[in-house]
Participant: 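Next up is a structure, given as structure tokens.
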Amino acid sequence: MQKFKTDRRHAEPGKIKQICSFLLNGNMSEREIGKHLAVSTKLIARTRKKLLGLTIEERSKIVNLTNQEIEKLFYGNLYVSTPKASSENKYIPNYVELANQCLERKVEIAEVYKEYSQKAQSLGKEAFSQSYFTRIVGKEIQNIKSKEPNYYYAQDHAYGMSMEIDFSGATYELPTFNGMVKCWMMILTWPASYYIYGEFVSSQSTEESCRVIGNAIRYFKTVFLQKSFVIMPNASL
């Protein structure tokens with residue numbers, strides 16, 4: 001196996017590609033990149049300085065370069081080498097895009113890794129290990145989720161003034177005097193409270209709903225205020 005005749009003061013081309021990929025994505029600090037790639041922050045800072053000096057704007061201009069082109073771009077004639085094994089011929093994906101794919105498609109990282117591996121093979125490049133890939137994409141997913149806004153539900157009435165109702169999607173066969181009857185669960189609750197009430201109903205009709213609502217009000221007695229109202233799941237009742 002052929003190896004680089006390296007000057008240890010310089011990073012190998014494959015490592016530079018990885019650093020550049022993270023720097024140009026702009027989603028991680030130098031300290032975070034160093035932790036991910038097990039390199040010093042000094043090396044990352046030097047690489048950032050060289051990137052700015054080269055005015056490289058698009059990520060593909062770096063990750064698609066050969067090892068020899070990387071050497072010439074960053075070190076000129078100071079770094080002499082011979083071709084290395086394919087371990088440095090890694091396919092570096094856009095980890096942020098892959099993280100978004102996992103969230104939007106609601107798939108596991110392992111499934112996205114299979115697609116990544118297939119693409120790397122079609123490009124004649126080597127894929128990163130699944131453990132490394134999973135760790136990096138997992139970090140990007142956490143980063144995306146941490147930036148999501150905290151949504152809240154705004155309403156125009158005080159808590160306790162409304163009773164919300166819904167029916168179960170599943171049905172249950174219950175024994176009655178008329179034999180086995182298909183029933184749904186009708187659940188009633190007062191938001192922001194511990195009050196909840198449920199009964200089986202043989203149909204999602206107005207008659208059955210009013211019967212259960214009346215039973216719930218009688219059960220909780222004074223909890224349901226005179227000016228309260230009911231929020232239904234649909235307008236079919």
Participant: Roughly how far, to the nearest 0.5 Å, is the OG atom of Ser203 from the CE atom of Met186?
Facilitator: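 The OG atom of Ser203 is 10.5 Å from CE of Met186, to the nearest 0.5 Å.
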Participant: Do His36 and Ile136 have side-chain heavy atoms sitting under 4.5 Å apart?
Facilitator: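 Answer yes - side chains close enough.
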Participant: Determine whether Val181 and Glu173 make a side-chain contact, defined as any pair of heavy atoms from C-beta on separated by less than 4.5 Å.
Facilitator: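 When only atoms from C-beta onward are counted, Glu173 and Val181 do not touch, as no gap falls below 4.5 Å.
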Participant: Hey, does Ile187 have a side-chain heavy atom less than 4.5 Å from the side chain of Glu164?
Facilitator: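 Sidechains of Ile187 and Glu164: no contact.
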Participant: Is it true that atom CD of Glu207 has more than 12 heavy atoms of other residues, nucleotides or ligands lying nearer than 6.0 Å?
Facilitator: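 At most 12 heavy atoms, drawn from other residues, nucleotides or ligands, come within 6.0 Å of this atom.
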Participant: Just by modelled atom types, is the Tyr195 backbone N or O under 3.5 Å from a matching donor or acceptor in the Thr189 side chain?
Facilitator: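 Side chain of Thr189 to backbone of Tyr195: a pair is present.
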Participant: With a 4.5 Å limit on heavy-atom distance, are the side chains of Met185 and Tyr172 in contact?
Facilitator: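 Yes; the side chains approach each other to less than 4.5 Å.
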Participant: Taking side chain as C-beta onward, heavy atoms only, is Cys20 less than 4.5 Å from Thr47?
Facilitator: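 Yes, their side chains come closer than 4.5 Å.
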Participant: Looking at every non-hydrogen atom in both residues, tell me the closest pair between Val107 and Gln101 and how far apart they are.
Facilitator: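 In this case the closest contact between Val107 and Gln101 is CG2-O, 4.3 Å.
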Participant: With rounding to the nearest 0.5 angstrom, report the NZ to NZ distance, Lys15 to Lys90.
Facilitator: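 So the NZ of Lys15 and the NZ of Lys90 are separated by 10.0 Å.
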Participant: Could you walk me through whether Glu208 and Ser202 satisfy the side-chain hydrogen bond (donor to acceptor under 3.5 Å, both in side chains) test, starting with their C-alpha distance in whole Å, then the side-chain angles of each, then the deciding distance to 0.1 Å, before giving a yes or no?
Facilitator: CA-CA 8 Å; Glu208 280 282 75; Ser202 57; 3.2 Å; yes
Participant: Give a yes or no on whether Val212 and Phe200 share a hydrophobic cluster (residues Ile, Leu, Val, Met, Phe, Trp, Tyr; joining criterion: side-chain heavy atoms under 4.5 Å apart).
Facilitator: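 In one cluster: no.
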Participant: Parallel, tilted or perpendicular, judged at 30° and 60°: which one describes the rings of Tyr219 and Tyr197?
Facilitator: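 Tilted.
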Participant: Taking salt bridge (charged side-chain N to carboxylate O under 4.0 Å, His left out) as the definition, give me every residue that meets it alongside Glu115, ordered by chain and number, with sequence neighbours left out.
Facilitator: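 With sequence neighbours excluded, Glu115 shows a salt bridge (charged side-chain N to carboxylate O under 4.0 Å, His left out) to Arg105, given in chain and number order.
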Participant: Which atoms form the tightest heavy-atom contact between Glu140 and Met28, and what is the distance?
Facilitator: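 Closest heavy-atom pair between Glu140 and Met28: OE2-SD, 3.7 Å.
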Participant: If I compare all heavy atoms of Ile144 with all of Val96, which pair ends up nearest, and what's the gap?
Facilitator: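 Minimum heavy-atom separation between Ile144 and Val96: CD1-O, 4.2 Å.
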Participant: Would you give the length of the straight line joining atom CG of Leu43 to atom CG of Leu37, rounded to the nearest 0.5 angstrom?
Facilitator: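 Reported to 0.5 Å precision, the distance equals 9.0 Å.
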Participant: Starting from Val201, can I reach Ile196 by hopping between I/L/V/M/F/W/Y residues whose side chains sit under 4.5 Å apart?
Facilitator: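 Looking at the clustering, Val201 is in a separate group from Ile196.
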Participant: Would you call Arg48 and Glu30 a salt bridge, taking side-chain N to carboxylate O under 4.0 Å as the test?
Facilitator: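 Yes, Arg48 and Glu30 are salt-bridged.
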Participant: Roughly how far apart are Tyr95 OH and Asn143 CG, rounded to 0.5 Å?
Facilitator: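 Between Tyr95 OH and Asn143 CG, I get 15.0 Å after rounding to 0.5 Å.
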Participant: Testing the basics here: between Ser209 and Phe167, what is the closest heavy-atom pair and its distance to 0.1 Å?
Facilitator: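 That would be OG-CZ, 3.6 Å.
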Participant: Taking C-beta and beyond as the side chain, do Leu188 and Asp166 meet within less than 4.5 Å on heavy atoms?
Facilitator: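 Heavy-atom side-chain distance check fails, nothing below 4.5 Å.
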Participant: Could you pull out the closest heavy-atom pair between Cys102 and Val137, with the gap in Å?
Facilitator: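 Heavy atoms of Cys102 and Val137 come nearest at SG-CG1, 4.3 Å.
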Participant: For Glu32 and Ser29, indicate whether the former's side chain and the latter's backbone hold a donor-acceptor pair under 3.5 Å.
Facilitator: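 Between the backbone of Ser29 and the side chain of Glu32 there is a qualifying donor-acceptor contact (under 3.5 Å).
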Participant: So that I know where these two stand, are Tyr113 and Phe128 an aromatic pair - ring centroids less than 6.0 Å apart?
Facilitator: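 Centroid separation for Tyr113 and Phe128: 6.0 Å or greater.
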Participant: Do Asn89 side-chain atoms and Gly124 backbone N/O form a donor-acceptor pair below 3.5 Å?
Facilitator: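 Yes; at least one donor-acceptor contact below 3.5 Å.
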Participant: With a 4.0 Å cut-off, would you call Arg211 and Glu199 a salt bridge?
Facilitator: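 Salt bridge present between Arg211 and Glu199.
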Participant: Side chain to side chain contact (heavy atoms under 4.5 Å, CB included), that's the test. Do Leu174 and Met180 meet it? Break it down for me.
Facilitator: CA-CA 5 Å; Leu174 299 180; Met180 299 299 290; 5.7 Å; no
Participant: Can you find a pair of side-chain heavy atoms, one from Ser131 and one from Thr134, that are under 4.5 Å apart?
Facilitator: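 No; the side chains remain at least 4.5 Å from each other.
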Participant: If you apply the rule side chain to side chain contact (heavy atoms under 4.5 Å, CB included), what do you find for Ile141 with Ile109, and how did you get there?
Facilitator: CA-CA 10 Å; Ile141 290 175; Ile109 298 177; 4.1 Å; yes
Participant: For Gly34 and Ile44, which heavy atoms make the closest approach, and how far apart are they?
Facilitator: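 Nearest heavy atoms, Gly34 then Ile44: N-CD1, 3.2 Å.
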